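Reviewing the structure listed below.
Here the structure is a predicted model, which means the values were calculated and not measured. Sequence lines set the chain letters: A, B, ... in the order given, protein chains first and strands last, and positions in each chain run from 1. Side chains are part of it too, since the values below use all heavy atoms of this structure and drop only hydrogens, waters and symmetry mates.
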Amino acid sequence: MKISYNWLKWYVPQIPEVDKLADIVTYHLAEVESMEKLEGGDVVLDIKILPNRAHDLLSHQGVARELASLLEIEFKNPEPLYKIPNSNPTNLKIKIDTDKCRRYAGRIIKNIKIGSSPAWVVEHLESIGQRSINNIVDATNTVMYDSGQPTHAFDLDKVDGGIIVRQARDGEQMTALDNKEVKLSAKDMVIADNTNILAIAGVKGGKSAEVDSNTKNIIIEVANFDPVSVRKTAQSANIQTDSKKRFENDLSPELVSYGMKELSGLIMEICPEAVFEDIVDEYPVKQEDRKLSFSLHKVSKVLGVDVTSEEMKSILDRYNIHFEEKEDGIIEINVPPMRLDFSMEEDIAEEVARIMGYDKIVPKLPKIDFKPQANDIFSKISWSREKLLNDGYSEVMTYVFRNKGDVEVLASASDKKFLRVNLSDGVKESLKLNQLNSPLLEMDEIKIFEIGTVFKKEGEEIHVCIADKKEVKEMSLEEFCKSMPETSPGTFFQVSSEKNIGENSKFKMWSLYPFIARDIAVWVPEIISSADVEKIIKENIGDMVVLGPKLFDEFKKDGKVSYAFKVIFQSYERTLSDEEINTIINKITEKLNSQSSWSVR
Amino acid sequence: MEQNKKATIHPLSLLANQAYSVFSELGFEIAMGPELESEWYNFDVLNVPKDHPARDMQDTFWIKSKEGENKEDRKVLRTHTTNVTARAVEQAGKKGRLPCAFISVGKVFRNEATDATHEMQFFQIDGTMVGENISIADLKGVLSTFYKKILGDDVEVEFRPSFFPFTEPSIEVFAKWKGRWLEMMGAGMLHPNVIKNCGLDPKKVQGFAFGGGLERIAMIKWGIPDVRLFYQGDLRFNQF
């Protein structure tokens, strides 16, 4: 979620400077995905709120409260400052006709004047990438990003009768605020009046009761909806909104009262002439007060750190969590309504660990009384691989996904929807590729193998496939291992235990352009060494050489010796032409021939 | 005098062997398991909620059912090797082999578009240790040892808060290598529901689990620029 530093600062004036804050968030809360400096001096942090804290942290106040507790700094509670309007009796009727709506609070506000928002509202919204629309819509959005409670406003004069929260009827349609037609079914929860669907509950508002520039009277909605229902509806309608994102993560219905208070206060501030009616609050099943008992011993045992009773109590105090000490080492807390993530002892362990910081946990190496046994399949794979490597075969790995096969996947991001029935097809392609590259590989014969799983009608099986210029052979791992010696029971097939293989090696990417291989052979007097010849070749060869000059043949005759070198040319930037290589070779030939009694063959 | 260069091993095998060797020395048993997995072992056992996005077709390769097959029997290409961990712990419990520790390296599959850092198939290294008193401190010790052995003695390891359905607490493991903190794997303490689903009593035993991509370690360790190079069958890739 995008969090504005300046917005946070309203609530936690002693907040650390922004770089330090980002570190604190990273180590004690969640990943900071990015930080962006805005023109006005504000900084926006994109914090990847974890799913188990999405109930209470998808808001500036939520994050501010968390930081205040975490850092033991003052939280300036805005609630006492919210203006409380005088309120008149109301005729607003709200009817909840579905079990997917847990709470619905509505309020009629008359005599409002649609206009632009105060500068601070625009600034807040724009800082987190939101567009200012009008004072009423901005107020509902501000409350959502501030308290985490999504809210909505309908034009009262466009509503026929009262508010009905119900499941849609199959085939019903709604025109959304963005003019998109949405087809609904009985699985979708909607807000309706006597004739129209006003909104898809928790997901998106509709056109029929839209607040526009002529709106005089409104109904504000502050509600709580079932998370799974909201998620499924948004998914089937393919609509992503910030409101939906909050509801699908499960909000506490208790937050509704707060949202109503904040939104009413804000509208009163923005439209001083507005006339408020009483809140109608349908809350059929109140959220249960929950208690959670945990033992300090268990928390310490999970973390591997002794957490003292004092440390525990200090954390609970900082987080304003009421608790009672039961018998020895057992603490019972009243779970704050917003902390839907607290449901077991391990949740408390996590809370303690992240607040303390995982760096406080000292690593130790466990010694357990466990006698590992050899894994038969692993032993066979290892033995096969070692054997084949010793026999001069190199290992390849190829793709599992193919164009045809016995087993098909339902959907794939690629066009290859089948699982391989053999290794041979992939290995043959690999053989061909490597044969073309054999000069580069310094291998005169390509011998390769793959050990991997194949998928047949009967099920999966591990195969071994071996390929060289003579044949491509494939068999089951079992069959390949027929000649494997019995290992004595309880011993492993020894895996290589060299430490940190290739520690100082660095991968070298090859050129994707074709290579050109050339041989250079020269007769020289016997006293001349191959190194002398190599030196001259190197001096004249240019910078397109990827391999060589490499001596591959040497023989003596009549007091002379013939040295033959192989050179491979390849560019990382382009395809080389035969002509340019000929020019280089001609130059080398000339140089070599110019030495007394040397002659290029 | 022309000679074939020595046969070369695939870098992932090299790295997997090294990982197996480190964990074997730490007392872990090697475990293996199926690549085509039931929904139960890939998701349910691990406390992944029924409507969790990870179960969507967009992320996971579901296998087309055979004729007459029940929906409950539908198979999935495993999305992690944590299925092996769960199976191994379940077996160990049945045989009374507790405490226990398992390590597995295997191929896993995700249905996503490929690019330089994403592949539809990759290897995951996954491990667990379960016993009466196994803690986050033990996890830290084990993973610090692993990364020091595999990336070098100067490597530092740190934990940051995270969330996974199968662990509580959940953490993200970072390693500091050549001055940079790099995200390496996910880990945590096995969620009591997972312990229960493996047939054990979470009041009596607890344990840690971890899992992360092997290619990622290889790419960091050797500076390999593109994950798609691993499965080209090109021997120029076998450089170590």
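With a 4.5 Å cut-off on non-hydrogen atoms, B/Phe230 touches chain A through its backbone but not through its side chain. With a 4.5 angstrom heavy-atom cutoff, A/Lys457 touches chain B only via backbone atoms. For chain A, the nearby part of B/Phe123 is the side chain; its heavy atoms alone come within less than 4.5 Å. For B/Gln232, the parts lying near chain A are the backbone and the side chain together; criterion is any non-hydrogen pair under 4.5 Å. With a threshold of 4.5 angstrom between heavy atoms, B/Met189 approaches chain A through side-chain atoms but not through N, CA, C or O. Heavy atoms closer than 4.5 Å to chain A are found in the backbone of B/Pro202, but not in its side chain. Using a 4.5 Å cut-off between heavy atoms, B/Ser170 contacts chain A through both its backbone and its side chain. With a 4.5 angstrom heavy-atom cutoff, B/Leu143 does not touch chain A via any of its atoms. Contact of A/Ala353 with chain B is not made at all, since no heavy-atom distance falls under 4.5 Å. For chain A, the nearby part of B/Glu112 is the backbone; its heavy atoms alone come within less than 4.5 Å. For B/Thr145, the part lying near chain A is the side chain, with the backbone staying farther off; criterion is any non-hydrogen pair under 4.5 Å.
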Open item on the list: Before you tell me yes or no, could you show the steps for B/Ile63 and A/Glu408 under side-chain contact (heavy atoms from CB on, under 4.5 Å), namely the whole-Å CA-CA distance, both residues' side-chain angles and the distance that decides it to 0.1 Å?
Closed with: CA-CA 6 Å; B/Ile63 301 300; A/Glu408 187 179 356; over 6 Å; no

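Side-chain contact of A/Lys506 with B/Gln239: a donor-acceptor pair under 3.5 Å is absent, judged by distance alone. Residues A/Thr26 and B/Arg160 bring no donor and acceptor atom of their side chains to less than 3.5 Å of each other. Of the N and O atoms on the side chains of A/Tyr399 and B/Glu119, at least one donor lies less than 3.5 Å from an acceptor on the other residue.
The structure places CD of A/Glu460 at 8.5 Å from NZ of B/Lys75, a figure rounded to the nearest 0.5 Å.
Under a 3.5 Å cut-off, the side chain of B/Glu29 and the backbone N or O of A/Gln373 do form a donor-acceptor pair. For the pair B/Asn238 (side chain) and A/Val396 (backbone), a donor-acceptor distance under 3.5 Å is absent.
Within residues 127-134 of chain B, the residues having any heavy atom less than 4.5 Å from a heavy atom of chain A are, in residue-number order, B/Met129, B/Glu132, B/Asn133, B/Ile134.
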